[in-house]
Peer 1: 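I am attaching a structure below and will ask some questions about it afterwards.
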Amino acid sequence: MITKLLIIILHVCIPLVGTTPSTGDQSLFERSLDATEGLLEFFSADYSSINVDGLFGLRVGEGQLLDAIDVCEKKPTCPFSILSRLTALAVKLGTTCERALPYVEQADPAYYERFMQTIDAPYRLPYRVTTLSDDEVESVTIGKNSLYDEDKGDACYARLLGTYEEGGCRIGKCNVTKNCVDMMTSKGTSRYVTTHQLLYFIVMETVKCREKVEEFLGDKGVASFQKDLCTNIYKEALEATSGGKVMESEKDLFLERVLLCGTLGYEDFLKEDWIKMTLQWPDSRTGCFKPRYHSSIFTGRSERSNMRKLLREKTMKDGCLSHTSGLGFGTFCLYLHHLTMNI
């Protein structure tokens, strides 16, 4: 704790200029840090309004920040000024998340209890650097099934987490069924259905259920399914950016794609032009993500079930979106991890 406090003090006293990388990444690193700090400032000021899904993004981001700090501490080329800012972010983020927890529980006790294990600690996922070949991407045919069954999906997650109840009894953790595995490995999916399939395998890694899931996968392991899903997700992301920018209504899904595959090490999602593009998306005044026009994906349960985001959206202070802002924060922290690795 003393070390962290010293780093924070030094962060205030030591300017970043002159100590950042001298490569073309310098401006990108500074912009990523600025955007992350601005978004965290928003969340720390309105932590009582964060929902489960916004907090999920913050916890994924926290894991990426901690990984970036670990990398920076071991790299002689990583300046102390960067280490100090990363550490200050991590300390402030940890405090914000802990302060938000009781409010999240109060807002929706049942939902909180069911998914508490996805938001009570940072996500420290294995980062395996992976790139996709042109042939792999070109061979993908984007599926037609974009309708996500929220209730069935949530039940599959709950079975992994040990919060699923059947016949009045709670079933233990890592309860994997053929129906769930079939749902999460089915072909021909797209959009939020595909990202939720990948999320199942990410949650599985987090709660240590990998061996149980692999009993149902035969010779094809979890890593192979993750690669198949991220290849499909990348093909969709390429199409979404074919005009050089992402439509307003597609930004939430684009961030979801980058965050989920990027945290596993799929660096095709970390293109410099994509990083620069998404860093322009937060609101210039609040630092958060706002809808620029009213969209039906934020209204009505039946519509949400068809246009499903990671979980649920909530409007916070100044019209900011909890889920999208959480995804954005996690994505920006992913950028910091990636850029730190490449200093």
Side-chain angles (χ1 to χ4, degrees), residues 8 11 15-17 19-21 23-47 50 54-69 71-72 78-79 81-94 96-97 241 245-246 248 250-260 262-263 267 269-292 316-343:
I8 295 170
H11 161 58
L16 189 63
V17 175
T19 55
T20 50
T23 68
D25 288 340
Q26 175 175 348
S27 174
L28 193 59
F29 211 124
E30 291 183 15
R31 288 173 58 190
S32 299
L33 276 167
D34 289 344
T36 309
E37 288 168 343
L39 196 44
L40 181 56
E41 187 65 31
F42 164 76
F43 276 117
S44 66
D46 196 26
Y47 59 82
I50 302 173
L55 193 51
F56 170 82
L58 266 62
R59 288 301 198 185
V60 175
E62 187 176 11
Q64 291 300 305
L65 274 179
L66 295 174
D67 287 344
I69 290 168
V71 170
C72 190
C78 186
S81 57
I82 285 179
L83 177 61
S84 70
R85 288 181 74 175
L86 293 173
T87 304
L89 273 167
V91 172
K92 187 172 184 176
L93 175 58
T96 300
C97 290
T241 58
K245 60 182 180 180
V246 177
E248 187 69 27
E250 297 292 306
K251 288 181 178 180
D252 181 273
L253 178 54
F254 186 83
L255 291 169
E256 198 166 291
R257 288 164 171 156
V258 172
L259 180 60
L260 294 182
T263 54
E267 297 199 337
F269 290 84
L270 302 175
K271 303 173 185 291
E272 183 174 331
D273 57 336
W274 285 9
I275 294 176
K276 290 178 178 178
M277 174 182 66
T278 53
L279 288 175
Q280 297 175 358
W281 291 354
D283 178 70
S284 59
R285 184 177 66 84
T286 63
C288 72
F289 286 74
K290 293 182 177 183
R292 296 190 179 179
M316 298 177 68
K317 183 177 67 175
D318 295 324
C320 299
L321 300 172
S322 179
H323 174 265
T324 308
S325 296
L327 286 178
F329 182 82
T331 300
F332 292 171
C333 291
L334 167 64
Y335 295 162
L336 294 176
H337 181 198
H338 170 69
L339 293 169
T340 302
M341 291 175 65
N342 289 280
I343 286 178

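Predicted, not measured: the structure shown is a model, and the values here were computed from it.
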Peer 1: Give the intermediate values and the outcome of side chain to side chain contact (heavy atoms under 4.5 Å, CB included) for residues Val258 and Leu327.
Peer 2: CA-CA 9 Å; Val258 172; Leu327 286 178; over 6 Å; no
Peer 1: Which pair of heavy atoms, one from Cys78 and one from Thr340, lies closest together, and at what distance?
Peer 2: SG-CG2, 4.2 Å
Peer 1: Test Met316 against Ile50 for side chain to side chain contact (heavy atoms under 4.5 Å, CB included), laying out the working first.
Peer 2: CA-CA 7 Å; Met316 298 177 68; Ile50 302 173; 3.7 Å; yes
Peer 1: Check the pair Phe332, Thr278 against side chain to side chain contact (heavy atoms under 4.5 Å, CB included), reporting the backbone distance first and the verdict last.
Peer 2: CA-CA 9 Å; Phe332 292 171; Thr278 53; 4.2 Å; yes
Peer 1: If we count only N and O atoms by modelled type, under 3.5 Å, do the side chains of Tyr335 and Thr36 hold a donor and an acceptor together?
Peer 2: no
Peer 1: If you round to the nearest 0.5 Å, how far is CG of Leu270 from CG of Leu339?
Peer 2: 8.5 Å
Peer 1: Could you work out, with ring-ring contact (aromatic ring centres under 6.0 Å, His included) as the rule, every residue matching Phe42, not counting sequence neighbours?
Peer 2: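 For Phe42 there are no ring-ring contact (aromatic ring centres under 6.0 Å, His included) partners, ignoring immediate neighbours.
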Peer 1: Atom CZ of Arg85 and atom CD1 of Ile82: how far apart are they, to the nearest 0.5 Å?
Peer 2: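 Reported value, rounded in 0.5 Å steps: 8.5 Å.
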Peer 1: Kindly determine whether Leu86 and Leu33 satisfy side chain to side chain contact (heavy atoms under 4.5 Å, CB included), including the steps that lead there.
Peer 2: CA-CA 8 Å; Leu86 293 173; Leu33 276 167; 4.1 Å; yes
Peer 1: Any idea which heavy atoms bring Met341 and Val71 closest together, and the distance?
Peer 2: CA-CG1, 4.0 Å
Peer 1: Which heavy atom of Cys333 sits nearest to which heavy atom of Gly61, and what is that distance?
Peer 2: CB-O, 3.4 Å
Peer 1: From Phe329 CZ over to Arg59 CZ, what is the distance, rounded to the nearest 0.5 angstrom?
Peer 2: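 These two atoms lie 11.0 Å from each other.
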Peer 1: Who are the side-chain contact (heavy atoms from CB on, under 4.5 Å) partners of Asp318, not counting sequence neighbours?
Peer 2: Arg285, Thr286, Lys290, Cys320
Peer 1: Looking at Ser81 and Ser84, what are the two nearest heavy atoms and their distance?
Peer 2: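 In this case the closest contact between Ser81 and Ser84 is O-OG, 2.7 Å.
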Peer 1: Measure the spacing between CD of Glu250 and CD of Glu256 and express it to the nearest 0.5 Å.
Peer 2: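 Here the interatomic distance stands at 11.5 Å.
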Peer 1: Return the CD to CG distance between Glu62 and Leu40, rounded to the nearest 0.5 Å.
Peer 2: 10.0 Å
Peer 1: Within the distance-only criterion (no hydrogens, no angle test), does the side chain of Thr263 pair as donor or acceptor with the backbone N or O of Leu260 below 3.5 angstrom?
Peer 2: yes
Peer 1: So, Ser325 side chain and Phe289 main chain: donor-acceptor pair closer than 3.5 Å or not?
Peer 2: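 Looks like yes, one N/O pair under 3.5 Å.
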Peer 1: Sequence neighbours excluded, which residues qualify as salt bridge (Lys or Arg N to Asp or Glu O under 4.0 Å) partners of Lys276?
Peer 2: Glu272
Peer 1: For the backbone of Cys288 and the side chain of Asp283, can you confirm whether one donor and one acceptor N or O come within less than 3.5 Å of each other?
Peer 2: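 No: the side chain of Asp283 does not pair with the backbone of Cys288.
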Peer 1: Any salt bridge (charged side-chain N to carboxylate O under 4.0 Å, His left out) pairs touching residues 329-340, not counting sequence neighbours?
Peer 2: none
Peer 1: What is the distance from atom OG1 of Thr331 to atom CG of Leu336, rounded to the nearest 0.5 Å?
Peer 2: 11.0 Å
Peer 1: So which atom in Gly326 and which in Leu58 form the shortest heavy-atom distance, rounded to 0.1 Å?
Peer 2: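 Result for this residue pair: CA-CD1, 4.1 Å.
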Peer 1: Holding to salt bridge (Lys or Arg N to Asp or Glu O under 4.0 Å), I want the full list of residues that pass it with Lys92, two or more places apart in sequence or in another chain.
Peer 2: Glu41
Peer 1: For Lys245, which residues count as a side-chain hydrogen bond (donor to acceptor under 3.5 Å, both in side chains) partner, sequence neighbours excluded?
Peer 2: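 Testing Lys245 for side-chain hydrogen bond (donor to acceptor under 3.5 Å, both in side chains), a comparison that skips the adjacent residues, returns none.
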Peer 1: Among residues at least two apart in sequence or on other chains, which ones pass ring-ring contact (aromatic ring centres under 6.0 Å, His included) with Trp281?
Peer 2: Phe254
Peer 1: Is any side-chain heavy atom of Met277 less than 4.5 Å from a side-chain heavy atom of Thr241?
Peer 2: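 Yes, side chains in contact.
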Peer 1: Just wondering, do Cys97 and Leu93 contact through their side chains at under 4.5 Å, heavy atoms?
Peer 2: yes
Peer 1: My understanding is that only residues two or more places apart in sequence, or in another chain, count here; which of them pass side-chain hydrogen bond (donor to acceptor under 3.5 Å, both in side chains) with Thr96?
Peer 2: none
Peer 1: Quick one: closest heavy-atom pair of Lys317 and Ala45, and the distance?
Peer 2: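 Heavy atoms of Lys317 and Ala45 come nearest at NZ-CB, 4.1 Å.
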Peer 1: With His338, which residues qualify under ring-ring contact (aromatic ring centres under 6.0 Å, His included), at least two apart?
Peer 2: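 By the ring-ring contact (aromatic ring centres under 6.0 Å, His included) rule, His338 matches no residue at all.
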